[in-house]
K.L.:
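Here it is: the structure, laid out below.
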Amino acid sequence: MLRSLFMMHKSDRQILLSLLFIGAVALSVICLVGGKEQKTAVSSTAKADSIAIDSSRSTPPYYYQQETQYVERFAFDPNTADSTQLLRLGLQSWQVRNIYKYRAAGGIYRKKEDFARLYGLTVKQYRELEPYIHISADYQPASTLFEDKPATTERDTLRYPVKMAEGETIDLAIADTSMLKTVPGIGSYFARRIYDYGQRLGGYVSLNQLDEIEDFPKEAKQYLTLGTSTVRKVNINTASLNDLKRHPYINYYQARTITDYRRQYGTITDLQQLRLSPDFTPEAIERLRPYVEYE
């Protein structure tokens, strides 16, 4: 091979030698640089290990360490306690902020149970704090100043009338709603119904007329009597159709029969004159008789 090298053309030999020289130089550079990098990496690793060891020995950790909180117990009002007092009680700073926000928004702790709704407060914490919660009376609703006191000696007889004893009675002919409400079984509703029905009739002529009131308590009749009363009557010969049908015992068809009879036959002197009409049965005539007049 050496012989063939010297037998090469001069220019080819120079090119080959140049290439060999360049390759040798490049190889030397690569070896030099690689050695330095390896040495640098080793030294960096050793330095990092040394820093880690030193930091584990002397430097503090990177996380936040909260100082130890010593909990105290003392009486407090959650409506007025400041942040220092609340923190001393063992509450967290964010809980204290929530209390301040609640009070700033107009919130008021009116009873101990209201404080139990504090976000993040556990059952154990509340039970420990409950004996020390003292809410001032100034934070109670103003309406408590005017609360009705229970009656001890007198009774409001207008709102709660004293009921009649067994054996007592009242006269239905003169009874008003206040008197009727004293009857056992009759309250404001039926007292008004009884009075209004009597006004529409023109007066009661029998206690059995009370049964015509829907759902009337029949047991209440034993406390009622009916004395002499003046009945308001309807003039059957002069009353208009509308006046006639206002009476509970005269319906529209009966009122029409009366006005038609007057137009055809003249004055009515007795209800029996209307008996031929199917609307005036014997029962209807007898029921209506006390409430009509003919002059």
Side-chain angles (χ1 to χ4, degrees), residues 156-295:
D156 186 355
T157 56
L158 293 178
R159 295 179 60 187
Y160 307 102
V162 178
K163 296 295 185 179
M164 298 169 57
E166 188 173 355
E168 296 181 332
T169 59
I170 59 173
D171 189 352
L172 180 60
I174 61 174
D176 57 12
T177 55
S178 299
M179 298 173 63
L180 290 170
K181 285 191 289 186
T182 64
V183 176
I186 296 178
S188 300
Y189 173 75
F190 278 113
R192 174 55 60 184
R193 293 284 304 277
I194 294 169
Y195 180 81
D196 289 345
Y197 191 61
Q199 292 297 308
R200 292 177 59 203
L201 285 170
Y204 289 99
V205 295
S206 171
L207 291 179
N208 292 330
Q209 289 177 291
L210 295 173
D211 296 332
E212 298 169 6
I213 300 174
E214 186 178 2
D215 297 328
F216 175 79
K218 293 180 173 55
E219 63 274 8
K221 286 198 292 185
Q222 61 180 312
Y223 298 94
L224 300 171
T225 59
L226 190 60
T228 303
S229 61
T230 302
V231 177
R232 187 174 65 255
K233 298 184 178 184
V234 179
N235 192 319
I236 199 171
N237 289 304
T238 60
S240 65
L241 177 68
N242 289 331
D243 291 336
L244 289 169
K245 69 179 184 179
R246 287 194 187 100
H247 197 278
Y249 290 167
I250 302 176
N251 58 37
Y252 171 78
Y253 299 103
Q254 291 172 325
R256 186 67 178 268
T257 299
I258 294 172
T259 57
D260 289 345
Y261 187 93
R262 290 186 326 206
R263 185 175 63 256
Q264 294 178 11
Y265 304 104
T267 303
I268 299 174
T269 59
D270 193 295
L271 289 177
Q272 289 296 330
Q273 296 172 253
L274 304 172
R275 68 183 184 277
L276 296 178
S277 171
D279 296 316
F280 281 95
T281 62
E283 294 79 9
I285 290 175
E286 293 305 317
R287 189 174 63 167
L288 182 59
R289 189 178 296 279
Y291 297 102
V292 296
E293 60 183 3
Y294 307 99
E295 296 181 358

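This one's a predicted model, so the numbers in the text were calculated from it and none came from an experiment.
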K.L.:
Side-chain polar contacts of residues 165-176 - donor-acceptor pairs under 3.5 angstrom, sequence neighbours left out - could you list them?
P.N.:
from	atom 1	to	atom 2	distance (Å)
E168	OE1	A165	N	2.9
D171	OD1	A173	N	3.0
D171	OD1	G227	N	3.0
D176	OD1	S178	N	3.3
D176	OD1	M179	N	2.9

K.L.:
Return the CD to CD1 distance between Q273 and I258, rounded to the nearest 0.5 Å.
P.N.:
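Answer for the CD-CD1 pair, Q273 versus I258, is 11.5 Å.
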K.L.:
Between CD1 of I236 and CD1 of I250, what distance do you get to the nearest 0.5 Å?
P.N.:
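Answer for the CD1-CD1 pair, I236 versus I250, is 6.5 Å.
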K.L.:
Rounded to the nearest 0.5 Å, how far does OH of Y195 lie from CG of L180?
P.N.:
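It is 10.0 Å, given to the nearest 0.5 Å.
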K.L.:
Hey, could you give me the CG/OH distance between N242 and Y252, rounded to the nearest 0.5 Å?
P.N.:
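Here the rounded value is 9.5 Å.
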K.L.:
Using every non-hydrogen atom in the two residues, find where L241 and A255 come nearest and quote the distance to one decimal.
P.N.:
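Looks like CD1-CB, 3.3 Å.
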K.L.:
Sequence neighbours excluded, which residues qualify as side chain to side chain donor-acceptor pair (under 3.5 Å) partners of R263?
P.N.:
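D260.
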K.L.:
Where the side chain of Y291 meets the backbone of G203, is there a donor-acceptor pair that is under 3.5 Å apart?
P.N.:
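Pair found, side chain donor or acceptor close to backbone of G203.
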K.L.:
Please find the pair of heavy atoms, one from D211 and one from K218, that lie closest to each other, and give the distance.
P.N.:
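Looking at all heavy atoms of both residues, the shortest contact is OD1-CG, 3.9 Å.
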K.L.:
Quick check for you: to the nearest 0.5 Å, what is the distance between I194 atom CD1 and Q199 atom CD?
P.N.:
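One finds 13.0 Å between CD1 of I194 and CD of Q199.
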K.L.:
What pair of heavy atoms forms the shortest contact from P217 to G185, and how long is it?
P.N.:
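Distance-wise, the nearest heavy atoms are CG-O, 3.5 Å.
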K.L.:
K181 versus S188: any side-chain heavy-atom pair under 4.5 Å?
P.N.:
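K181 vs S188: side chains touch.
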K.L.:
Just to verify, which of R287, Q254, E212 counts as forming a side-chain hydrogen bond (donor to acceptor under 3.5 Å, both in side chains) with Y249?
P.N.:
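Considering R287, Q254, E212, a side-chain hydrogen bond (donor to acceptor under 3.5 Å, both in side chains) with Y249 is found only for E212.
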K.L.:
Quick one: sort the F190 and F216 rings into parallel, tilted or perpendicular, breaks at 30° and 60°.
P.N.:
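The rings of F190 and F216 stand perpendicular, inter-plane angle above 60°.
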K.L.:
Working to the nearest 0.5 angstrom, can you tell me the gap between R200 CZ and R232 CZ?
P.N.:
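Atom-to-atom, R200:CZ and R232:CZ are 11.5 Å apart.
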K.L.:
Would you check if there is a donor-acceptor pair between the side chains of Y197 and R193 at a distance under 3.5 Å?
P.N.:
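Looking only at side-chain atoms, Y197 and R193 do not form any donor-acceptor pair under 3.5 Å.
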K.L.:
Is there a side-chain contact (heavy atoms from CB on, under 4.5 Å) between K221 and V183? Walk through the geometry before answering.
P.N.:
CA-CA 9 Å; K221 286 198 292 185; V183 176; over 6 Å; no
K.L.:
Under a 4.5 Å cut-off applied to non-hydrogen side-chain atoms, are Y294 and L271 in contact?
P.N.:
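Side chain of Y294 against side chain of L271, heavy atoms only: contact under 4.5 Å found.
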K.L.:
Are D243 and N235 side-chain neighbours, meaning at least one heavy-atom pair lies under 4.5 Å?
P.N.:
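No; the side chains remain at least 4.5 Å from each other.
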K.L.:
Any side-chain heavy atom of N251 sitting closer than 4.5 Å to one from K245?
P.N.:
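No, their side chains stay 4.5 Å or more apart.
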K.L.:
Quick one: closest heavy-atom pair of R262 and L244, and the distance?
P.N.:
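Heavy-atom minimum between the residues: NH1-CD1, 4.4 Å.
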K.L.:
Search all heavy atoms of L207 against all heavy atoms of L224 and return the closest pair with its distance.
P.N.:
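For L207 versus L224, the nearest heavy atoms are CD1-O, 3.5 Å.
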K.L.:
What's the shortest heavy-atom distance between N237 and I268, and which atoms?
P.N.:
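Closest approach of N237 to I268: OD1-N, 2.7 Å.
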